[in-house]
2 protein chains.
Amino acid sequence: MPPETPPARHVIEALADPTRRAIVEALRAGPKPVGVIAGGLPVSRPAVSQHLRVLTDAGLARVTPKGNRRYYELAPEGVESLRRYLDTLWDDALAAFADAARKSARE
Amino acid sequence: MPPETPPARHVIEALADPTRRAIVEALRAGPKPVGVIAGGLPVSRPAVSQHLRVLTDAGLARVTPKGNRRYYELAPEGVESLRRYLDTLWDDALAAFADAARKSARE
DNA sequence: ACTTACGGTAAGCCAAGGCTTACGATTCGA
DNA sequence: TCGAATCGTAAGCCTTGGCTTACCGTAAGT
(Lines give C-alpha, C1' and ligand atoms only; values in the text may rest on other atoms or scores of the structure.)
Protein backbone atom coordinates (compact mmCIF):
# COMPACT_ATOMS: atom_id res chain seq x y z
CA MET A 1 0.00 0.00 0.00
CA PRO A 2 1.29 3.48 -0.81
CA PRO A 3 2.12 5.74 2.15
CA GLU A 4 -1.38 7.20 2.20
CA THR A 5 -1.40 10.62 0.61
CA PRO A 6 -3.93 13.09 2.05
CA PRO A 7 -7.23 13.69 0.19
CA ALA A 8 -7.08 16.53 -2.32
CA ARG A 9 -10.06 18.32 -0.85
CA HIS A 10 -8.22 18.88 2.44
CA VAL A 11 -5.33 20.38 0.52
CA ILE A 12 -7.61 22.68 -1.44
CA GLU A 13 -9.46 23.83 1.65
CA ALA A 14 -6.16 24.42 3.41
CA LEU A 15 -4.85 26.58 0.58
CA ALA A 16 -8.14 28.47 0.31
CA ASP A 17 -7.26 30.81 3.16
CA PRO A 18 -5.03 33.80 2.32
CA THR A 19 -3.17 33.67 5.62
CA ARG A 20 -2.38 30.00 5.13
CA ARG A 21 -1.13 30.72 1.63
CA ALA A 22 1.09 33.42 3.13
CA ILE A 23 2.45 30.87 5.58
CA VAL A 24 3.16 28.48 2.74
CA GLU A 25 4.94 31.24 0.88
CA ALA A 26 7.03 31.93 3.96
CA LEU A 27 7.94 28.27 4.25
CA ARG A 28 9.13 28.13 0.65
CA ALA A 29 12.38 29.67 1.83
CA GLY A 30 12.93 26.79 4.23
CA PRO A 31 11.99 25.54 7.74
CA LYS A 32 10.97 28.14 10.29
CA PRO A 33 9.79 28.16 13.92
CA VAL A 34 6.28 29.38 14.66
CA GLY A 35 7.33 32.69 16.16
CA VAL A 36 9.36 33.65 13.11
CA ILE A 37 6.49 32.82 10.78
CA ALA A 38 4.07 34.87 12.87
CA GLY A 39 6.55 37.74 12.96
CA GLY A 40 6.22 38.24 9.24
CA LEU A 41 2.43 38.18 9.26
CA PRO A 42 -0.29 40.60 10.41
CA VAL A 43 -1.91 37.99 12.68
CA SER A 44 -1.16 36.70 16.16
CA ARG A 45 0.98 33.70 16.93
CA PRO A 46 -1.90 31.49 18.12
CA ALA A 47 -3.61 32.15 14.79
CA VAL A 48 -0.53 30.89 13.02
CA SER A 49 -0.46 27.83 15.26
CA GLN A 50 -4.04 27.04 14.27
CA HIS A 51 -3.24 27.47 10.60
CA LEU A 52 -0.19 25.27 10.88
CA ARG A 53 -2.38 22.58 12.34
CA VAL A 54 -4.61 22.69 9.27
CA LEU A 55 -1.62 22.69 6.93
CA THR A 56 -0.03 19.67 8.58
CA ASP A 57 -3.35 17.81 8.60
CA ALA A 58 -3.56 18.47 4.88
CA GLY A 59 -0.10 17.08 4.37
CA LEU A 60 1.30 20.42 3.27
CA ALA A 61 3.67 20.89 6.21
CA ARG A 62 5.78 18.87 8.61
CA VAL A 63 7.07 19.62 12.11
CA THR A 64 10.47 18.97 13.54
CA PRO A 65 10.77 19.81 17.24
CA LYS A 66 14.22 21.16 17.94
CA GLY A 67 14.60 21.73 21.62
CA ASN A 68 12.41 24.63 22.52
CA ARG A 69 11.29 25.52 19.00
CA ARG A 70 9.16 23.65 16.52
CA TYR A 71 10.38 24.00 12.96
CA TYR A 72 7.78 23.78 10.22
CA GLU A 73 8.65 23.00 6.62
CA LEU A 74 6.79 22.33 3.40
CA ALA A 75 5.86 18.71 2.74
CA PRO A 76 5.59 17.39 -0.81
CA GLU A 77 2.75 14.95 -0.05
CA GLY A 78 -0.08 17.46 0.01
CA VAL A 79 1.06 19.24 -3.11
CA GLU A 80 1.36 15.96 -4.96
CA SER A 81 -2.12 14.90 -3.91
CA LEU A 82 -3.67 18.09 -5.26
CA ARG A 83 -1.62 17.85 -8.40
CA ARG A 84 -3.00 14.42 -9.15
CA TYR A 85 -6.53 15.69 -8.70
CA LEU A 86 -5.86 18.53 -11.11
CA ASP A 87 -4.34 16.18 -13.63
CA THR A 88 -7.59 14.27 -14.02
CA LEU A 89 -9.56 17.51 -14.10
CA TRP A 90 -7.18 18.76 -16.74
CA ASP A 91 -7.59 15.67 -18.86
CA ASP A 92 -11.37 15.75 -18.65
CA ALA A 93 -11.48 19.45 -19.41
CA LEU A 94 -9.34 18.94 -22.47
CA ALA A 95 -11.42 15.98 -23.60
CA ALA A 96 -14.65 17.93 -23.23
CA PHE A 97 -13.01 20.81 -25.03
CA ALA A 98 -11.95 18.64 -27.94
CA ASP A 99 -15.39 17.10 -27.98
CA ALA A 100 -17.02 20.51 -28.23
CA ALA A 101 -14.60 21.54 -30.94
CA ARG A 102 -15.37 18.39 -32.91
CA LYS A 103 -19.07 19.00 -32.52
CA SER A 104 -18.92 22.63 -33.60
CA ALA A 105 -16.70 21.74 -36.55
CA ARG A 106 -19.44 19.43 -37.76
CA GLU A 107 -21.70 22.43 -38.41
CA MET B 1 0.87 39.53 -23.89
CA PRO B 2 -0.49 36.06 -23.04
CA PRO B 3 -4.29 35.68 -23.03
CA GLU B 4 -4.43 36.55 -19.36
CA THR B 5 -4.94 33.41 -17.30
CA PRO B 6 -6.89 33.88 -14.04
CA PRO B 7 -4.95 34.21 -10.76
CA ALA B 8 -4.43 30.90 -8.99
CA ARG B 9 -5.92 32.14 -5.75
CA HIS B 10 -9.32 32.60 -7.38
CA VAL B 11 -9.18 29.06 -8.67
CA ILE B 12 -8.27 27.68 -5.26
CA GLU B 13 -11.01 29.62 -3.51
CA ALA B 14 -13.50 28.48 -6.13
CA LEU B 15 -12.59 24.83 -5.63
CA ALA B 16 -12.64 25.18 -1.85
CA ASP B 17 -16.42 24.79 -1.66
CA PRO B 18 -17.77 21.19 -1.72
CA THR B 19 -20.82 22.13 -3.77
CA ARG B 20 -18.67 23.80 -6.38
CA ARG B 21 -16.44 20.76 -6.54
CA ALA B 22 -19.56 18.66 -7.08
CA ILE B 23 -20.55 20.95 -9.93
CA VAL B 24 -17.09 20.58 -11.45
CA GLU B 25 -17.39 16.82 -11.14
CA ALA B 26 -20.75 16.96 -12.89
CA LEU B 27 -19.27 19.01 -15.70
CA ARG B 28 -16.48 16.51 -16.27
CA ALA B 29 -18.97 14.45 -18.27
CA GLY B 30 -19.55 17.36 -20.65
CA PRO B 31 -21.59 20.58 -21.03
CA LYS B 32 -24.85 20.82 -19.07
CA PRO B 33 -27.58 23.43 -18.57
CA VAL B 34 -28.07 24.87 -15.10
CA GLY B 35 -31.27 23.00 -14.35
CA VAL B 36 -29.69 19.64 -15.06
CA ILE B 37 -26.71 20.40 -12.85
CA ALA B 38 -28.98 21.51 -10.01
CA GLY B 39 -31.10 18.38 -10.49
CA GLY B 40 -28.21 16.19 -9.43
CA LEU B 41 -27.39 18.24 -6.35
CA PRO B 42 -29.01 18.75 -2.93
CA VAL B 43 -29.17 22.53 -3.34
CA SER B 44 -31.53 24.89 -5.13
CA ARG B 45 -31.05 26.10 -8.70
CA PRO B 46 -30.24 29.70 -7.70
CA ALA B 47 -27.49 28.37 -5.47
CA VAL B 48 -26.03 26.57 -8.47
CA SER B 49 -26.27 29.75 -10.51
CA GLN B 50 -24.29 31.62 -7.89
CA HIS B 51 -21.66 28.91 -7.79
CA LEU B 52 -21.39 28.88 -11.57
CA ARG B 53 -20.72 32.57 -11.45
CA VAL B 54 -17.76 31.99 -9.13
CA LEU B 55 -16.48 29.13 -11.28
CA THR B 56 -16.60 31.16 -14.51
CA ASP B 57 -14.93 34.12 -12.79
CA ALA B 58 -12.15 31.76 -11.75
CA GLY B 59 -11.76 30.56 -15.31
CA LEU B 60 -12.89 27.06 -14.46
CA ALA B 61 -16.08 27.13 -16.54
CA ARG B 62 -17.47 28.66 -19.72
CA VAL B 63 -21.04 29.40 -20.82
CA THR B 64 -22.63 28.82 -24.18
CA PRO B 65 -26.17 30.17 -24.44
CA LYS B 66 -28.23 27.88 -26.62
CA GLY B 67 -31.67 29.33 -27.09
CA ASN B 68 -33.41 29.06 -23.79
CA ARG B 69 -30.72 27.16 -21.92
CA ARG B 70 -27.23 28.11 -20.89
CA TYR B 71 -24.76 25.28 -21.24
CA TYR B 72 -21.80 25.29 -18.86
CA GLU B 73 -18.63 23.37 -19.53
CA LEU B 74 -15.21 23.00 -17.93
CA ALA B 75 -12.58 25.48 -19.08
CA PRO B 76 -8.89 24.51 -19.11
CA GLU B 77 -7.63 28.01 -18.26
CA GLY B 78 -8.39 27.89 -14.54
CA VAL B 79 -6.98 24.43 -14.07
CA GLU B 80 -3.82 25.38 -15.87
CA SER B 81 -3.36 28.47 -13.73
CA LEU B 82 -3.59 26.48 -10.52
CA ARG B 83 -1.32 23.82 -11.91
CA ARG B 84 1.40 26.35 -12.58
CA TYR B 85 1.12 27.64 -9.03
CA LEU B 86 1.49 24.12 -7.68
CA ASP B 87 4.47 23.46 -9.89
CA THR B 88 6.48 26.21 -8.23
CA LEU B 89 5.30 25.08 -4.80
CA TRP B 90 6.30 21.56 -5.70
CA ASP B 91 9.75 22.62 -6.80
CA ASP B 92 10.35 24.65 -3.68
CA ALA B 93 9.07 21.90 -1.42
CA LEU B 94 11.41 19.42 -3.07
CA ALA B 95 14.32 21.82 -2.86
CA ALA B 96 13.71 22.47 0.83
CA PHE B 97 13.35 18.76 1.32
CA ALA B 98 16.65 18.02 -0.39
CA ASP B 99 18.22 20.81 1.61
CA ALA B 100 17.01 19.32 4.88
CA ALA B 101 18.20 15.89 3.81
CA ARG B 102 21.60 17.27 2.96
CA LYS B 103 21.77 19.06 6.28
CA SER B 104 20.75 16.00 8.32
CA ALA B 105 23.20 13.83 6.37
CA ARG B 106 25.97 16.11 7.52
CA GLU B 107 25.46 14.95 11.09
C1' DA C 1 15.53 25.82 41.32
C1' DC C 2 13.64 29.94 39.16
C1' DT C 3 12.82 32.74 35.47
C1' DT C 4 12.10 33.41 30.69
C1' DA C 5 10.88 32.04 26.02
C1' DC C 6 8.28 29.16 22.89
C1' DG C 7 4.15 27.33 21.40
C1' DG C 8 -0.26 24.55 21.63
C1' DT C 9 -5.28 24.86 23.29
C1' DA C 10 -9.85 26.93 24.90
C1' DA C 11 -13.47 30.23 24.85
C1' DG C 12 -15.72 33.69 22.66
C1' DC C 13 -16.48 37.33 19.10
C1' DC C 14 -17.50 38.64 14.55
C1' DA C 15 -17.28 38.93 9.49
C1' DA C 16 -17.63 36.10 5.25
C1' DG C 17 -20.22 33.46 2.43
C1' DG C 18 -23.50 29.74 1.18
C1' DC C 19 -28.50 28.78 0.97
C1' DT C 20 -33.42 29.91 0.32
C1' DT C 21 -37.35 32.43 -1.27
C1' DA C 22 -39.03 35.94 -4.22
C1' DC C 23 -38.87 38.46 -8.39
C1' DG C 24 -37.77 39.84 -13.23
C1' DA C 25 -36.06 39.06 -17.88
C1' DT C 26 -35.74 36.20 -21.98
C1' DT C 27 -36.95 32.47 -25.06
C1' DC C 28 -39.54 28.53 -26.71
C1' DG C 29 -43.96 26.09 -27.78
C1' DA C 30 -48.79 26.19 -29.04
C1' DT D 1 -49.69 36.30 -28.79
C1' DC D 2 -49.95 34.04 -24.49
C1' DG D 3 -48.49 30.74 -21.06
C1' DA D 4 -44.65 28.02 -19.53
C1' DA D 5 -39.89 27.07 -18.90
C1' DT D 6 -35.07 28.50 -18.05
C1' DC D 7 -32.05 31.23 -15.56
C1' DG D 8 -29.87 35.36 -13.35
C1' DT D 9 -30.21 38.65 -9.34
C1' DA D 10 -31.65 40.67 -4.74
C1' DA D 11 -32.56 40.38 0.10
C1' DG D 12 -32.13 38.11 4.22
C1' DC D 13 -30.94 34.24 7.38
C1' DC D 14 -27.67 31.50 9.57
C1' DT D 15 -23.81 28.59 9.83
C1' DT D 16 -18.71 28.31 9.26
C1' DG D 17 -14.35 29.52 10.47
C1' DG D 18 -10.63 32.87 11.31
C1' DC D 19 -8.90 35.99 14.96
C1' DT D 20 -7.90 37.51 19.71
C1' DT D 21 -7.09 37.08 24.59
C1' DA D 22 -6.10 34.12 28.28
C1' DC D 23 -4.08 30.11 30.08
C1' DC D 24 -1.01 26.06 30.55
C1' DG D 25 2.82 22.88 29.69
C1' DT D 26 7.67 22.30 28.44
C1' DA D 27 12.42 23.37 27.53
C1' DA D 28 16.52 26.48 27.96
C1' DG D 29 19.54 29.54 30.49
C1' DT D 30 21.54 31.26 34.67
Side-chain angles (χ1 to χ4, degrees), chain A residues 6-27 30-75 78 107, chain B residues 6-27 29-75 78:
Chain A
R9 73 170 188 284
H10 290 161
V11 184
I12 299 180
E13 286 164 12
L15 288 178
D17 183 74
T19 305
R20 278 195 291 265
R21 281 198 300 273
I23 293 177
V24 167
E25 295 299 324
L27 290 184
K32 286 180 181 160
V34 179
V36 172
I37 301 174
L41 294 176
V43 297
S44 70
R45 186 197 45 77
V48 173
S49 264
Q50 291 162 7
H51 283 307
L52 284 170
R53 163 97 153 130
V54 175
L55 288 174
T56 55
D57 284 352
L60 280 166
R62 300 165 166 278
V63 211
T64 308
K66 211 98 177 186
N68 213 2
R69 325 263 181 95
R70 292 168 64 83
Y71 285 86
Y72 283 88
E73 62 181 349
L74 284 188
E107 299 159 9
Chain B
R9 75 172 186 284
H10 290 161
V11 184
I12 298 180
E13 284 164 13
L15 288 178
D17 183 74
T19 303
R20 279 196 291 267
R21 282 198 300 272
I23 293 177
V24 166
E25 295 297 326
L27 289 183
K32 285 181 183 162
V34 179
V36 173
I37 302 174
L41 295 176
V43 297
S44 70
R45 186 197 45 77
V48 173
S49 265
Q50 292 162 6
H51 284 306
L52 284 170
R53 164 94 154 129
V54 176
L55 288 174
T56 56
D57 284 352
L60 281 167
R62 300 165 166 279
V63 210
T64 308
K66 212 102 179 185
N68 211 4
R69 325 261 182 94
R70 293 167 64 82
Y71 286 85
Y72 283 88
E73 61 181 350
L74 284 187

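The chains referred to below are lettered A, B, ... by the order of the sequence lines, with proteins before strands, and numbering in each begins at 1.
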A:Pro33 near the nucleic acid: base, sugar-phosphate alone, or nothing, with a heavy-atom cut-off under 4.0 Å? sugar-phosphate
How many Å lie between CG on A:Leu52 and P on D:dG18, as a whole number? 13 Å
Length of the line joining A:His51:NE2 and D:dT20:C1', which is rounded to integer Å: 12 Å
Roughly how many Å is it from OH in B:Tyr71 to P in D:dG8, rounded to a whole number? 13 Å
Starting at CD of B:Glu13, measure out to CD of A:Glu13 and round the result to the nearest 0.5 Å. 13.0 Å
Among the nucleotides C:dC19, D:dT9, D:dG18, whichever has the atom closest to the side chain of A:Asp17 is D:dG18
In whole angstrom, what separates B:Lys32's NZ from D:dT6's C1'? 17 Å
By nearest-nucleotide position on DNA chain C, the 5'-leaning member of B:Gln50 and B:Arg45 is B:Gln50
Among D:dT21, D:dC19, D:dC7, which nucleotide has an atom closest to any side-chain atom of B:Val34? D:dC7
Calculate the interatomic distance between B:Arg70 atom CZ and C:dA25 atom P; express it in whole Å. 16 Å
Whole angstroms only, please: what is the CZ-P distance between B:Arg53 and C:dG17? 14 Å
From the candidates D:dT6, C:dA22, C:dC19, the one with an atom nearest any side-chain atom of B:Arg69 is D:dT6
Taken to the nearest whole Å, CD1/A:Ile23 to C1'/C:dG7 is 14 Å
Taking side chain as C-beta onward, heavy atoms only, is A:Glu73 less than 4.5 Å from A:Leu27? no
Whole angstroms only, please: what is the CG-P distance between A:Asn68 and D:dT30? 13 Å
